[in-house]
There are 2 protein chains.
Amino acid sequence: MDELDRQILSILRRDARTPYTEIADRVGTSEGTVRNRVESLVEDGIIERFTVATSTGNVKSMIEVSVDVNVDTGAVADRFIEWKEVDSVWQVSGDEDLVMVVDAADTERINELITRARELDEVVSTKTRLILDERLG
Amino acid sequence: MDELDRQILSILRRDARTPYTEIADRVGTSEGTVRNRVESLVEDGIIERFTVATSTGNVKSMIEVSVDVNVDTGAVADRFIEWKEVDSVWQVSGDEDLVMVVDAADTERINELITRARELDEVVSTKTRLILDERLG
DNA sequence: TATGAAAGACTAACTAA
DNA sequence: TTAGTTAGTCTTTCATA
C-alpha cells in the first residue's frame, strides 16, 4: 500500500468504471501497472468488491440492536443481512451489539423491519436513527 | 423499478464488473436491455455511483458526533468527509447529530480523528463504537 | 435483436531494478 | 525475483439498422 495504490483507490472509489488507461494517465504510469496493482489490491483483500452505491428506497436508517447475552451475535447478523432492504450489518462495541444500515421504500417499511427484528427472541431492544443526509468520501 | 431492475441491481451490488452479456443471460434478457436499464438506473439516481468497497485500514469505527445547536450540521459534515480515513458521514436523527464511518490504520489513528473532531468549536461531544465485524448485503 | 466498429482488458514476452 | 512495460489478441460495449 504505497502512494500509487492510494491514488488508484481514490479514483476507483469515485468511479470504479474508470478505464485502466485513464487511471494510468492520471497517476502517471502504464495501463499494465494499474491492472497489476488493482489485481493485487483485490488479492490482498484491500478491495473487498466492485459494487454500486444505490439508493433504492427513500428512507435510509440505522437500526441499533441489543441482543441477549447468551446468543451468538454473528448468527443474528447473518439473519439480518438476508433481509432485502439491509445494506450492511455491523457488530459493534458500545451500548448496542449490532447496527444495521437499511434503505427502504418508506418509514412504514422501516417500522416493519424494526418490528420484525424485535420479534426475534434473541433481540432485547432496538434504537433507530433516520439518516437524514449522506456524504460519501 | 420493476423486478428486472431489482435483479440487475442485486447482481451489480455483488460484482459491478459483471459483463452486461452475463447479466443478460442470468436474468433472461438481451445485452442491450441490460445496458439501457443500467443507464436509466444511473440517470434516475438509483445507482449513485460505481465504486469499490475497501478496507484500507485495520480498524473500522463509527464516530457519533453532537454539534452545537447554533451551527450548520451539514457544514461540519462537509469538513469531516474531507478527512481521508472517513468513508461516509451521515446526518442522523437521535441523540447525536452526525455519524461518521471511518476506516483507519490502527486505534491510535482513530483516537487522533476523535481528538481532531473534538477540537472543533462546533463539536459538543463524541461517542465512538468500534466495528468488530461487517456483513454486506 | 442482431451485427460491426470502437474501446477496453488481458496475455505473454520482454526489460529493468 | 519482483515490478513495470508494450504489442498483439480477445472481450465487452456501444451505435446502428
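Residues B:F80 and B:L113 form no side-chain contact, since every pair of their non-hydrogen atoms from C-beta on lies 4.5 Å or further apart. Two residues are said to be in side-chain contact when any heavy atoms from C-beta on lie closer than 4.5 Å; A:E64 and A:M100 fail this criterion. Looking only at side-chain heavy atoms (C-beta outward), A:I46 and A:L9 come within less than 4.5 Å of each other.
Between the CG atom of B:N36 and the P atom of D:dT16 there is a distance of 13 Å, given to the nearest Å. The nearest whole Å value for the distance from the CZ atom in B:R37 to the P atom in D:dT13 is 17 Å. Note: CZ (A:F50) to P (D:dT12) measures 16 Å, nearest angstrom. Rounded to an integer number of Å, the gap from B:E39 CD to D:dT13 P is 12 Å.
Side-chain contact check for B:D103 and B:T56: at least one donor-acceptor pair (N or O, by modelled atom type) lies under 3.5 Å. In this model, no donor atom of one side chain and acceptor atom of the other lie less than 3.5 Å apart for B:T51 and A:R13.
Among the nucleotides D:dT5, D:dT6, C:dT1, the one closest to the side chain of A:E31 is D:dT6.
Heavy atoms only, all atoms of each residue included: B:D95 and B:S66 are closest at O-OG, 3.9 Å. Across all non-hydrogen atoms, the minimal contact from A:S93 to B:L132 is N-CD1, 3.9 Å. Closest non-hydrogen pair, A:V27 versus A:I11, comes out as CG1-CD1, 3.9 Å.
Among the atoms of the strands shown, none is found under 4.0 Å from any heavy atom of B:G32.
Non-hydrogen atoms lying under 4.0 Å from DNA chain D are contributed by nothing in residues 3-21 of chain A.
B:V89 and A:M62 fall into different hydrophobic clusters, where Ile, Leu, Val, Met, Phe, Trp and Tyr side chains are chained together by heavy-atom contacts under 4.5 Å.
When the side-chain nitrogen and oxygen atoms of A:R35 are compared with OP1 and OP2 of D:dG4, none of them lie within a distance under 4.0 Å. The side chain of B:T33 contributes no N or O atom lying less than 4.0 Å from OP1 or OP2 of C:dT1.
End-to-end axis angle of the helix from C:dT1-D:dA17 to C:dA17-D:dT1, from C1' rotation axes over five pairs per end: 20° (rounded to 10 degrees).
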